[in-house]
Amino acid sequence: MSRRYLIAGNWKMNGSLPANAELLGELALQQERYPGIDMLVCPPSVYLESAGRQLGGNMQLGAQNLSDQTKAGAFTGEVLGAMLAELGCRYVIVGHSERRALYGEDDATVARKFAAAQAAGLVPILCVGETLDEREGGGAETVLARQLGAVLGACGIGAFARAVVAYEPVWAIGTGRTATPEQAQAAHAFLRGQLAAQDAKIGDSTRLLYGGSVKADNASSLLSCGDVDGGLIGGASLKAAEFLAICASAQALSTN
Ligand code: PEP
């Protein structure tokens, strides 16, 4: 089946009202040139409302994190999925390696966040990926199977009909070191196989994004891989020209 490319920008903890307005203004002006793809921006949560007002036609809004709770209450500092949906978010990133490594989110927490996102009507973008030590030790697939398996076990394969998976090798995030297209394709094929083993249709239709130092000059070779359906872009999503060039690569490869 032909899966529509999704090019998602993870702004991380960056931005300011004027800088966001400038960046989003440039993206909104150009987005009509990429009708065959989905464009997504994920600003810090405090900027979601203002960013939502500045989106162009095929641009969508996503959050970077949410609470694992499904009901409002005494959870100081947390943001409920329903609140994100109320601000116009359609997607939310869960299980990013920075949250796993720096904020102690384990597989069980990530699975609860995935479920909480769906309970609020949001599409979770589940990030999985191995560290360099794990790759060099030959354990990359074991890690991917464990991280994906935790969510499959908790939420079931049916939940992946409304989810996106992002393969983000930890050693490639923010390092300038990108997986080769062969490495990305192999990991994506493995992940798709894990899903397809439980449901062939869902395995075929789930969008799998690659993330890790994607830039204008390497986007096309990564996006050309058969099982790569888009990108989760960190640093390069903060520069309009870079992000738009990645969108242009996806559009050029798009059959939509
Ligand atoms: C990310 O944080 O999801 C990411 C892929 O970052 P970068 O593109 O900067 O490596």
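Whatever order the structure lists ligands and atoms in, that order sets their numbers, starting from 1. In this chain, residues are counted from 1 in sequence order. Please read all numbers here as calculations on a predicted model, not as lab measurements.
- Those atoms of ligand 1 with a heavy atom of A172 less than 4.0 angstrom away are 10 (O).
- Applying the 4.0 Å criterion to heavy atoms of G235 picks out, from ligand 1, the atoms 7 (P), 8 (O), 9 (O).
- Considering only non-hydrogen protein atoms, atom 8 (O) of ligand 1 sits nearest to G234 N, 2.8 Å.
- For atom 1 (C) of ligand 1, the nearest protein heavy atom (residue, atom name, distance) is H96 NE2, 3.2 Å.
- Between P169 and A179 the shortest heavy-atom distance is CG-CB, 4.4 Å.
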Working note: V79 + L66, criterion side-chain contact (heavy atoms from CB on, under 4.5 Å); need CA distance, chi angles, decisive distance, verdict. CA-CA 5 Å; V79 178; L66 83 168; 5.8 Å; no
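- Within the structure, the closest approach of A236 to ligand 1 does not fall below 4.0 Å when heavy atoms are considered.
- Residue contact check: G174 has heavy atoms under 4.0 Å from atoms 7 (P), 9 (O), 10 (O) of ligand 1.
- Considering every non-hydrogen atom in both C155 and F114, the closest pair reads SG-CD2, 3.7 Å.
- The protein atom (non-hydrogen) at minimum distance from atom 5 (C) of ligand 1 is E168 OE2, 3.1 Å.
- Side-chain contact check for T109 and D106: at least one donor-acceptor pair (N or O, by modelled atom type) lies under 3.5 Å.
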Test Q60 against V123 for side-chain contact (heavy atoms from CB on, under 4.5 Å), laying out the working first. CA-CA 12 Å; Q60 294 161 358; V123 176; over 6 Å; no
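- Counting atoms of ligand 1 from 1 in the listed order, those under 4.0 Å from a heavy atom of S213 are 7 (P), 8 (O), 10 (O).
- In summary, the atoms of ligand 1 found under 4.0 Å from a heavy atom of N10, numbered by their order in the structure, are 1 (C), 2 (O), 3 (O).
- Distances between N or O atoms of E98 and those of ligand 1 include no value under 3.5 Å.
- Classification of the Y210-Y167 ring pair by plane angle, with boundaries at 30° and 60°, yields tilted.
- At a heavy-atom cutoff of 4.0 Å, ligand 1 is contacted by both the backbone and the side chain of I173.
- Interface atoms of ligand 1 facing G212, defined by a heavy-atom separation under 4.0 Å, are 5 (C), 10 (O).
- Taking H96 as the reference, nothing meets the ring-ring contact (aromatic ring centres under 6.0 Å, His included) condition, with sequence neighbours excluded.
- Interatomic distance, I37 CD1 to I246 CD1, rounded to the nearest 0.5 Å: 10.0 Å.
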